[in-house]
Protein chains: 2
Amino acid sequence: MQEAVHAAVTALIDETGREGLTVPQVAARAGVTPSTIYRRWTDMATLMRDVAQRNLRVDCPLKPCGRLSVDLPAWAEMYQEEMDSTPGRAMMRDVLRGWDGTQKACSLFDAVRPTIVSICDAAGEPVTFDADAVIDAVVAPVLTRILFTDGPLPAALARDAAAAFVARHASGG
Amino acid sequence: MQEAVHAAVTALIDETGREGLTVPQVAARAGVTPSTIYRRWTDMATLMRDVAQRNLRVDCPLKPCGRLSVDLPAWAEMYQEEMDSTPGRAMMRDVLRGWDGTQKACSLFDAVRPTIVSICDAAGEPVTFDADAVIDAVVAPVLTRILFTDGPLPAALARDAAAAFVARHASGG
DNA sequence: CTGCTAAAGCAAATAATTTGCTTTTAATGA
DNA sequence: TCATTAAAAGCAAATTATTTGCTTTAGCAG
């Protein structure tokens, strides 16, 4: 049933957009009664957050070459493009609508950490930092700028941040 | 009228919390009709976002001593405490609920920039970076961790980030 | 097979939202 | 000053969403 409702939400979102979307609409499309949805999710916001979290895998389709000064900026650029895109922003919107201010809005960091770790593992150099440092240095600026500035991000933002990060951890860092 | 409604929202929030809050409740408290509120704000979420943005001044009650390695970490620590507090998180919650995914959720950056600039202006040293670099380095990690990790932040997070930032811009940076 | 529990349906009751129309308010110009 | 008018607010009916009590179904254990 959860499946049918999730599918209905996804279908309705790209047919009519996420703006007018209501619980009764989703229920009708999924072939269930509204009360079923209300009892399981309480809210349209909660339901959309749930759906958004399913589509939360950020893979690394890039083959690391083993040099951090190449691999990390390359990944950063791809990550930024992914998050600053229409679907990326929509995912963040849905996820943040359900945020209650206390617990984490979603496990976004857990989704990127493995990719960062795998890049570091593939590096033919000693790694002097951990994944969370990379998150602070490149993921954080991307996400906050998406939320708190207007218009698309500077194209090189994440790439440059990653390059600078690697540079300062390579030499004297 | 806007005044009365804003006041009603603020009052009701700390009497009954923000969770159950409805437009008709606010209307009754403010002495207006619900339709007035719906026409002006469309949503409870939009209204709460509007109210949250009024309380958006982050002042710097600290007297800069003129050394960036002291002033910037001191400010960063205070900023983190402010944002990671219950009211700080509540403000972010309210502001992000109204976010549509395209335009900025609120002018959070414009609220901190002047403070950062004034600290830099008070510095008895040449400043080799701009305010946005500070935002990326210290504000961004604080905000993203509030949103995407559980529990309170490491107490020294922003302070250390600011100190490291100043350090790398002082010597070889 | 029978009883039990959790989930879903159904429909009535309640509450929120929208809407058309009327009234007030405040500003403007004769 | 007083009419004129446009924007904002009130009011109430209509619509829509949400909640709730109760019934039904499906899956599972004895």
Side-chain angles (χ1 to χ4, degrees), chain A residues 1-55 90-91 93-103 105-106, chain B residues 1-55 90-91 93-103 105-106:
Chain A
M1 196 275 313
Q2 187 159 316
E3 303 301 321
V5 172
H6 278 193
V9 170
T10 305
L12 285 171
I13 278 179
D14 66 38
E15 279 173 27
T16 59
R18 43 191 14 93
E19 219 41 69
L21 207 55
T22 67
V23 171
Q25 275 176 343
V26 174
R29 179 62 163 265
V32 301
T33 50
S35 62
T36 300
I37 294 180
Y38 285 120
R39 280 199 249 253
R40 195 159 202 2
W41 286 280
T42 71
D43 245 3
M44 193 63 214
T46 307
L47 171 54
M48 285 177 74
R49 177 171 169 227
D50 199 27
V51 173
Q53 283 177 318
R54 293 229 159 286
N55 313 10
M91 183 270 281
R93 193 207 89 137
D94 292 347
V95 140
L96 290 174
R97 288 239 162 142
W99 188 49
D100 68 346
T102 58
Q103 289 154 320
C106 78
Chain B
M1 196 274 313
Q2 187 160 316
E3 303 300 321
V5 173
H6 277 193
V9 170
T10 305
L12 285 171
I13 277 178
D14 65 39
E15 280 172 27
T16 58
R18 43 191 13 92
E19 219 43 67
L21 207 55
T22 67
V23 170
Q25 277 176 341
V26 173
R29 178 62 162 265
V32 301
T33 48
S35 62
T36 300
I37 294 180
Y38 285 120
R39 280 200 248 250
R40 195 159 201 4
W41 286 280
T42 69
D43 246 1
M44 193 62 214
T46 308
L47 172 53
M48 287 177 74
R49 177 171 168 226
D50 199 28
V51 173
Q53 284 177 317
R54 292 228 160 285
N55 313 10
M91 184 270 280
R93 193 207 89 135
D94 292 347
V95 140
L96 290 175
R97 288 235 164 147
W99 187 50
D100 69 345
T102 57
Q103 287 155 321
C106 78

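Sequence lines set the chain letters: A, B, ... in the order given, protein chains first and strands last, and positions in each chain run from 1. For clarity, every value in this text was computed on a predicted model and none was experimentally measured.
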Quiz item: Under a 4.0 Å N-O cut-off, is there an ion pair linking A/Arg29 with A/Glu15?
Solution: yes
Quiz item: Which value, rounded to the nearest 0.5 Å, describes the distance between A/Leu47 atom CG and A/Arg40 atom CZ?
Solution: 10.5 Å
Quiz item: How far does CD1 of B/Ile37 sit from OG1 of B/Thr46, to the nearest 0.5 angstrom?
Solution: 12.0 Å
Atom pairs under 3.5 Å: protein N/O with N/O of nucleotides 15-19 of chain C:
| unit_1 | atom_1 | unit_2 | atom_2 | d |
| --- | --- | --- | --- | --- |
| C/dA16 | OP1 | B/Thr22 | OG1 | 3.4 |
| C/dT17 | OP2 | B/Tyr38 | OH | 2.0 |
| C/dT17 | O5' | B/Tyr38 | OH | 2.8 |

Self-check item: Given A/Val51, A/Thr36, A/Asp50, the one that forms side-chain contact (heavy atoms from CB on, under 4.5 Å) with A/Trp41
Solution: A/Asp50
Quiz item: Phosphate oxygens OP1/OP2 of C/dA8: is one of them under 4.0 Å from a side-chain N or O of A/Thr33?
Solution: no
Quiz item: Are the side chain of B/Arg49 and the backbone N or O of B/Ala105 linked by a donor-acceptor pair below 3.5 Å?
Solution: yes
Quiz prompt | Gap between atoms CD1 and P, on A/Ile37 and C/dA7 respectively (whole Å) | solution = 16 Å
Quiz item: Rounded to the Å, how far apart are A/Arg40 CZ and C/dA6 P?
Solution: 14 Å
